[in-house]
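Quick note on labels: first sequence line is chain A, next is B, and so on, each numbered from 1.
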Amino acid sequence: MASSPPRRRLFALTPILLVLLAVFGFEVMRVQGQAAVLRSDPEAVLTTPALRRTAVARGGPVYQRYCSSCHGAEGKGDHGGGVPDFSDGTHLYGQGRVAEIEEIARHGIRADDKQGFDLASMPAFGTAHPYKAEPLPSLTPGQMEDITQYLLAFTGRATRPDAAQRGGALYRDYGGCYDCHGYNGEGDDAIGAPALTDEVWLYGHGSHDDIYRTLEHGRAGMSPAFGRVLNADQLRDVAVYVASLEPSNAKPAGPR
Amino acid sequence: MNDAAVEDHLDLADDASGRPDAVGRPTLWNPRQPNARRSLLLCGVGALAGLLIAGFGLFTAQGTRTFVVPPEDAATVNGVPILRADVIGQLRALDDVSLGEATPAQKHKVLADMVREELYVQRGVELGAPTDDTDVRQALVAGTEAVVAQDALTSRPSEAELHGWYDAHQDTYAGEGQMTVQDVRLPSAQATGADKIVAALRSGSTPAALDLKGSGRLTGDAQFYFAARIHLGDALFAVARRLKDGEVSAPVAEPDGVHILVMTHNQQPLPASYQDAHDRVLRDFLAAKVARLQAGNERFLRRRADIKIAGDFK
């Protein structure tokens with residue numbers, strides 16, 4: 001016996017209802033997945049494949065929209081502007097943990113946010129008042145040349161050993177460089193003082209002139225505080241995405 | 001009459017009671033036939049759906065949730081969230097552990113302290129701390145200014161904007177000049193012969209050869225202009241700055257005697273290229289933008305406010 005017209009209409013409605021149900025189910029799963037990313041230990045998100053997939057997939061577009069204009073589409077940074085390379089395995093602030101990256105994304109660096117990183121900056125030793133936060137002595141051009149030679153010596157590029165020797169004394173005493181960069185130039189990731197002994201350079205490529213210019217004019221790079229622009233989901237996602245750009249984090253280590 | 005016509009006829013003839021029609025279907029579900037119960041039922045379903053949607057939005061929208069702790073928060077205190085990210089940051093700062101590594105006791109202590117802080121902040125607002133406490137007031141002013149600054153800093157200026165700024169402020173990005181200069185001071189007894197000494201120096205003699213002594217203001221090393229100005233004083237620095245390499249100045253009378261400057265090397269300030277000054281250009285551009293926005297914000301607040309000033313203060 002053939003179905004009556006209203007029953008046929010009900011049959012016609014069934015696919016629509018199924019689609020609506022599927023959309024609702026998908027949305028519930030998406031919200032649950034995102035909530036799981038937020039509730040997890042941020043470091044565990046990186047090593048848990050399902051969470052990582054969710055976060056990286058959502059973090060990529062956030063990164064491209066808000067971060068890539070400075071850090072580049074692939075996170076390679078910009079040596080001209082002192083923008084760090086996310087893929088070189090070094091970290092200016094912190095140790096590359098997801099939670100640390102998220103904190104920087106939320107509160108920024110020198111971004112007028114008291115919870116952000118703003119403890120120190122590179123003094124401009126070629127000026128009358130090198131540093132606002134505390135009195136530091138200016139250096140003469142000759143002293144700056146000596147320190148430049150000392151820093152070049154870390155990577156075997158010093159051309160004047162006598163100057164490098166004098167520069168070492170200045171580094172560890174009068175100039176006060178050791179106070180931030182460490183007695184042996186190892187740096188301090190708590191205040192964003194880069195290591196000076198490796199071949200990774202934030203500004204320029206570590207040439208004589210790049211180092212001298214940094215000593216003369218100082219540096220104070222800035223990263224915006226996105227805490228009022230991005231929501232919690234976006235901040236966590238973009239932090240996981242940025243952490244995933246580091247080669248050692250390229251693949252999740254945890255079980256699938 | 002065919003079947004369809006009969007069906008239509010019976011549908012129209014049926015009442016609105018919901019009784020089965022001639023083919024056994026309840027008329028409630030026959031859309032061709034008016035039915036008061038169906039209308040009420042659909043109306044109720046619509047209202048219920050509306051309430052569900054509104055309720056979901058009301059209790060799950062960010063910042064308004066009251067029934068559950070949102071996934072991004074570790075707790076809420078009177079509806080004010082305590083962010084998980086802040087708890088994680090505190091755990092790292094106090095105990096150097098991640099959330100996964102922290103013991104329940106560590107988590108409990110950090111969260112308890114943060115809840116306590118939030119309670120006291122809320123109580124402080126109730127007690128009028130923003131009105132009475134100068135520290136709180138200063139912190140609020142600074143915090144509000146900072147919010148304006150943060151907003152200004154989140155958008156990156158274009159290269160064209162930065163280049164425009166650099167072009168308009170190129171002098172700012174010139175390096176300090178440098179000079180290596182000897183400053184000879186003649187005692188009062190020799191002051192009358194200063195012109196002859198200058199002539200001798202200009203003809204190639206050195207201060208040492210003429211047994212002249214330095215003023216002690218300079219060490220003989222290269223100095224930045226700012227340092228040379230501090231050491232020499234404004235009058236002598238103005239003379240020194242105009243000297244070319246190897247030039248000898250005319251005698252300059254100072255309270256402590258007559259000075260003669262012998263310029264070894266004078267390097268005028270050199271403008272930095274855009275690339276070399278890029279980070280400073282960006283910093284200065286953003287600082288100016290923040291200052292503009294903060295000034296605009298203050299104008300807006302004044303315009304919006306009802307400020308009454310006593311006659312004797314106008």
With respect to chain B, which residue among [options] yields the maximal number of heavy-atom pairs within a distance under 4.5 Å?
options: Asp78(A), Val229(A), Asp113(A); answer: Asp113(A)
options: Ala36(A), Ser69(A), Gly80(A); answer: Ser69(A)
options: Gly126(A), Gly82(A), Gly204(A); answer: Gly126(A)
options: Arg97(A), Arg106(A), Glu43(A); answer: Arg97(A)
options: Gly81(A), Ala111(A), Ala225(A); answer: Ala111(A)

Closest heavy-atom pair and its distance - [X], [Y]:
X: Glu72(B); Y: Ala232(A); answer: CB-CB, 3.2 Å
X: Cys70(A); Y: Arg156(B); answer: SG-NH1, 3.0 Å
X: Asp112(A); Y: Ala146(B); answer: O-CB, 3.0 Å
X: Arg39(A); Y: Arg84(B); answer: O-NH1, 3.3 Å

>> Let me confirm one number: the OH-CG distance from Tyr203(A) to Asp276(B), rounded to the nearest 0.5 Å.
In response: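 So the OH of Tyr203(A) and the CG of Asp276(B) are separated by 13.5 Å.
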> When rounded to the nearest 0.5 angstrom, what is the spacing between CG in Leu38(A) and CG in Leu83(B)?
Replying inline: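 Answer for the CG-CG pair, Leu38(A) versus Leu83(B), is 10.0 Å.
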>> Just to verify, what does Arg228(A) make a side-chain contact (heavy atoms from CB on, under 4.5 Å) with, not counting sequence neighbours?
In response: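 Partners of Arg228(A) by the side-chain contact (heavy atoms from CB on, under 4.5 Å) criterion, ordered by chain and then number, come out as Val147(B), Gln150(B), Asp151(B).
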>> Please classify the contact between Ser40(A) and chain B as side chain, backbone, both or neither, with a heavy-atom cut-off of under 4.5 Å.
In response: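 For Ser40(A), backbone heavy atoms alone lie under 4.5 Å from chain B.
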> Can you tell which of Asp279(B), Leu282(B), Leu286(B) makes a side chain to side chain contact (heavy atoms under 4.5 Å, CB included) with Met222(A)?
Replying inline: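 In the set Asp279(B), Leu282(B), Leu286(B), the residue that makes a side chain to side chain contact (heavy atoms under 4.5 Å, CB included) with Met222(A) is Leu286(B).
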> Of the backbone (N, CA, C, O) and the side chain (C-beta and beyond), which part of Ala222(B) lies under 4.5 Å from a heavy atom of chain A, both, or neither?
Replying inline: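 Both parts, backbone and side chain.
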> Given that the side chain runs from C-beta out, which part of Arg92(B) has a heavy atom under 4.5 Å from chain A: side chain, backbone, both or neither?
Replying inline: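 Side chain only.
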> So, do Glu216(A) and Phe224(B) sit near enough that their side-chain heavy atoms are less than 4.5 Å apart?
Replying inline: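 Result yes, sub-4.5 Å side-chain heavy-atom pair found.
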>> I'd like to know which of Glu101(B), Gln223(B), Glu145(B) tops the heavy-atom pair count under 4.5 Å against chain A.
In response: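 Highest number of pairs under 4.5 Å: Gln223(B).
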>> Please check if the number of heavy atoms outside Glu117(B) that lie under 6.0 Å from its CD is greater than 12.
In response: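 No - once you tally the heavy atoms of other residues, nucleotides and ligands closer than 6.0 Å, there are 12 at most.
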> For chain B, which residues from residues 138-145 of chain A lie under 4.5 Å away (heavy-atom distances)?
Replying inline: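 Listed by number: Ser138(A), Leu139(A), Thr140(A), Pro141(A), Met144(A).
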> Could you walk me through whether Ile88(B) and Glu102(A) pass the side chain to side chain contact (heavy atoms under 4.5 Å, CB included) check?
Replying inline: CA-CA 11 Å; Ile88(B) 291 167; Glu102(A) 187 179 336; over 6 Å; no
